[in-house]
A.B. asks: 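The structure under discussion is supplied below as structure tokens; questions concerning it will follow.
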2 protein chains.
Amino acid sequence: MLVRKQQIAPQRPSSSELNAFAGHAVFCSEFKYRRGTEIFGEAEPIQYLYQVKSGAVRSYKLLADGRRQIMAFHLPGDIFGVENGAVHRFTAEAIVETIVHLTGRQNVVEQERGSATATNNVLRLVTGSLQHAETHMLLLGRKTALEKVAAFLIEMDVRLTAAGVMSLPMNRRDIADYLGLTLETVSRALSQLRDRDILSFIGQSQRQIVLRDRARLTDFDQ
Amino acid sequence: MLVRKQQIAPQRPSSSELNAFAGHAVFCSEFKYRRGTEIFGEAEPIQYLYQVKSGAVRSYKLLADGRRQIMAFHLPGDIFGVENGAVHRFTAEAIVETIVHLTGRQNVVEQERGSATATNNVLRLVTGSLQHAETHMLLLGRKTALEKVAAFLIEMDVRLTAAGVMSLPMNRRDIADYLGLTLETVSRALSQLRDRDILSFIGQSQRQIVLRDRARLTDFDQ
DNA sequence: CGATCTTTTGAAAGAGGTCAATTGAAGTGG
DNA sequence: CCACTTCAATTGACCTCTTTCAAAAGATCG
């Protein structure tokens with residue numbers, strides 16, 4: 001597993017939000033993952049706790065025949081890989097070149113035993129994931145394609161929009177696998193929103209989006 | 001809210017698994033809810049922690065136009081209503097006449113502050129919910145109708161089958177809203193499984209099911 | 001025992017999926 | 001640095017799975 005990892009600053013403990021999370025300084029390295037590379041796999045033993053420094057991560061589950069459901073996108077600032085058991089329940093991959101801060105699981109486990117504050121931090125993270133999962137179940141089970149795409153844009157708008165432009169790190173297939181659709185349906189929904197002047201693409205890339213009418217976009221998201 | 005509640009043994013602290021959860025005896029009452037009545041509503045302040053003694057509970061979220069997504073069914077032994085924030089994120093209703101044990105939230109909060117064991121118990125419950133939610137997202141986003149119904153039957157088989165018979169407390173609409181389908185599609189899938197001799201209904205009720213071929217049922221669930 | 005709720009089943013419609021072709025962007029190696 | 005290959009996205013045409021609408025039979029409840 002470490003073979004895939006490209007260590008940047010292995011010896012120097014670096015300051016990060018992970019330290020704040022732990023309540024005290026812990027050994028904390030920076031790793032860089034190339035686009036498309038696996039950070040950890042489903043059923044692999046848990047060794048680290050991760051925080052996205054730059055880039056983007058997708059975590060997903062697969063069915064036997066390859067159908068994929070992306071549970072969440074992890075963007076700069078997000079902490080992921082927090083689990084209570086011994087093994088990961090899903091796979092995490094870098095969507096683009098991604099730098100993460102990581103801390104050994106030992107530190108987290110020790111904190112769980114010792115500090116009540118640290119345990120509460122773990123609890124807060126897991127609760128946050130659960131809340132997101134519940135919202136997403138409602139989307140997956142009961143929303144139409146257009147409502148799903150609108151909800152996705154609103155979610156990403158908060159996280160990714162800088163200077164009025166939303167730069168999506170993921171491709172249409174990733175979005176589709178997040179929303180329980182096909183990439184063609186996602187593309188058609190985006191085109192429809194563009195034709196109605198609710199959004200527009202800028203430059204040559206189809207991943208740079210400007211939201212022109214957030215109010216009407218919200219109307220689509222039930 | 002208390003108006004709806006029919007208290008059974010208000011004065012007598014009763015022994016239950018909730019006490020084991022708390023690590024020591026706490027005030028613990030038994031309440032009975034008639035079928036269809038609300039136990040708590042979305043956005044209501046959290047006051048209690050619940051454990052199903054008998055019966056069944058559905059917890060769900062609604063869209064503005066009434067579309068419903070059931071997040072989970074809570075069956076005898078299940079603890080529910082555990083949340084980290086101040087208000088509930090969904091509604092819980094008794095599916096049939098249901099008896100629950102409940103303990104005041106104060107106890108839980110105090111335990112969170114004090115005992116690390118109690119906090120770990122809360123963490124274990126929340127982690128369990130998250131794990132279930134992740135599995136369910138894969139089902140909602142990526143499985144076909146037949147696969148969804150097969151997965152539902154396998155899930156309920158473990159929980160509900162006694163003496164070879166699975167007695168479902170919920171109707172077809174509940175199942176549909178759990179699986180992101182319509183009740184007609186659920187009915188058709190069950191008929192299909194019956195026609196293929198994978199299950200059969202017993203008696204006059206359509207909620208008493210005998211699984212005749214679990215191996216082939218598992219084949220349908222990817 | 002009548003009224004209401006639940007479930008099944010059929011027929012028709014529709015939302016989203018599949019297949020395919022085209023265009024455009026982005027890496028890659030000579 | 002540019003041609004070449006590969007990857008990404010759009011769009012059209014068609015198809016199919018699930019939904020919608022409707023009717024009828026069956027179960028349950030007061």
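From a predicted model like this one, the values you see are computed outputs, not experimental measurements. Scope of the values below: all heavy atoms of this structure, side chains included, with no hydrogens, waters or symmetry mates. Every chain is numbered from 1 and lettered A, B, ... according to where its sequence line falls, protein lines coming before strand lines.
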A.B. asks: Would you say the rings of B:F40 and B:Y50 are close, in the sense that their centroids are separated by under 6.0 Å?
C.D. replies: yes
A.B. asks: Between B:E83 and B:R89, is the salt bridge (charged side-chain N to carboxylate O under 4.0 Å, His left out) condition met? List the steps.
C.D. replies: CA-CA 8 Å; B:E83 311 211 26; B:R89 294 189 303 263; 3.3 Å; yes
A.B. asks: Whole Å only: how far is the CG atom of A:L140 from the C1' atom of C:dG16?
C.D. replies: 15 Å
A.B. asks: Is any NZ, NE, NH1 or NH2 atom of the basic residue among A:K143 and A:D221 found under 4.0 Å from an Asp or Glu carboxylate oxygen of the other?
C.D. replies: yes
A.B. asks: In a table with atom names and distances, give each donor-acceptor pair under 3.5 Å that connects a side chain of residues 150-165 of chain B to protein atoms at least two apart or in another chain.
C.D. replies:
from: B:E155; atom 1: OE1; to: B:Y178; atom 2: OH; distance (Å): 2.8
from: B:E155; atom 1: OE2; to: B:H132; atom 2: NE2; distance (Å): 3.1
from: B:E155; atom 1: OE2; to: B:Y178; atom 2: OH; distance (Å): 3.1
from: B:D157; atom 1: OD1; to: B:T161; atom 2: OG1; distance (Å): 2.5
from: B:D157; atom 1: OD1; to: B:R214; atom 2: NH2; distance (Å): 3.1
from: B:D157; atom 1: OD2; to: B:R214; atom 2: NE; distance (Å): 2.6
from: B:D157; atom 1: OD2; to: B:R214; atom 2: NH2; distance (Å): 3.4
from: B:R159; atom 1: NH1; to: B:D78; atom 2: OD1; distance (Å): 3.4
from: B:R159; atom 1: NH1; to: B:D78; atom 2: OD2; distance (Å): 3.1
from: B:R159; atom 1: NH2; to: B:D78; atom 2: OD1; distance (Å): 3.0
from: B:R159; atom 1: NH2; to: B:D78; atom 2: OD2; distance (Å): 3.4
from: B:T161; atom 1: OG1; to: B:D157; atom 2: O; distance (Å): 3.2

A.B. asks: So if I take residues 184-192 of chain A and measure heavy-atom distances to DNA chain D, which residues fall below 4.0 Å?
C.D. replies: A:E184, A:S187, A:R188, A:S191
A.B. asks: Without decimals, in angstroms, what is the distance between A:F201 CZ and C:dG24 C1'?
C.D. replies: 14 Å
A.B. asks: Along DNA chain D, 5' to 3', what are the outermost nucleotides having an atom less than 4.0 Å from a heavy atom of chain A?
C.D. replies: D:dA8 to D:dA13
A.B. asks: Can you work out whether A:T182 or B:R194 has the more 5'-proximal nearest nucleotide on DNA chain C?
C.D. replies: B:R194
A.B. asks: Rounding to a whole Å, what distance do you find between A:R67:CZ and C:dG16:P?
C.D. replies: 18 Å
A.B. asks: Can you tell me the distance, in whole Å, between the CZ atom of A:F220 and the P atom of C:dA15?
C.D. replies: 14 Å
A.B. asks: To the closest 0.5 Å, what do you measure between CG (A:L130) and CG (B:N84)?
C.D. replies: 10.0 Å
A.B. asks: Find the distance B:D195:CG to C:dT8:P and express it as a whole number of Å.
C.D. replies: 11 Å
A.B. asks: Do we see a donor-acceptor contact under 3.5 Å between the side chains of A:R212 and A:S200?
C.D. replies: yes
A.B. asks: In this structure, how many angstroms lie between the P atom of C:dG17 and the CG atom of A:D65, rounded?
C.D. replies: 15 Å
A.B. asks: From CZ of B:R207 over to P of C:dC5, roughly how many Å is that when rounded to an integer?
C.D. replies: 14 Å
A.B. asks: Quick one: do the A:H101 and A:Q51 side chains pair a donor with an acceptor below 3.5 Å?
C.D. replies: no
A.B. asks: Can you tell me the distance, in whole Å, between the CD atom of A:Q204 and the P atom of C:dG24?
C.D. replies: 12 Å
A.B. asks: Can a side-chain donor-acceptor contact be found between B:S187 and B:R172 if the only test is distance below 3.5 angstrom?
C.D. replies: no
A.B. asks: Between A:R35 and A:G180, which is nearer to the 5' end of DNA chain C once each is assigned its nearest nucleotide?
C.D. replies: A:G180
A.B. asks: Do B:Y60 and B:E93 have side-chain atoms, one donor and one acceptor, less than 3.5 Å apart?
C.D. replies: yes
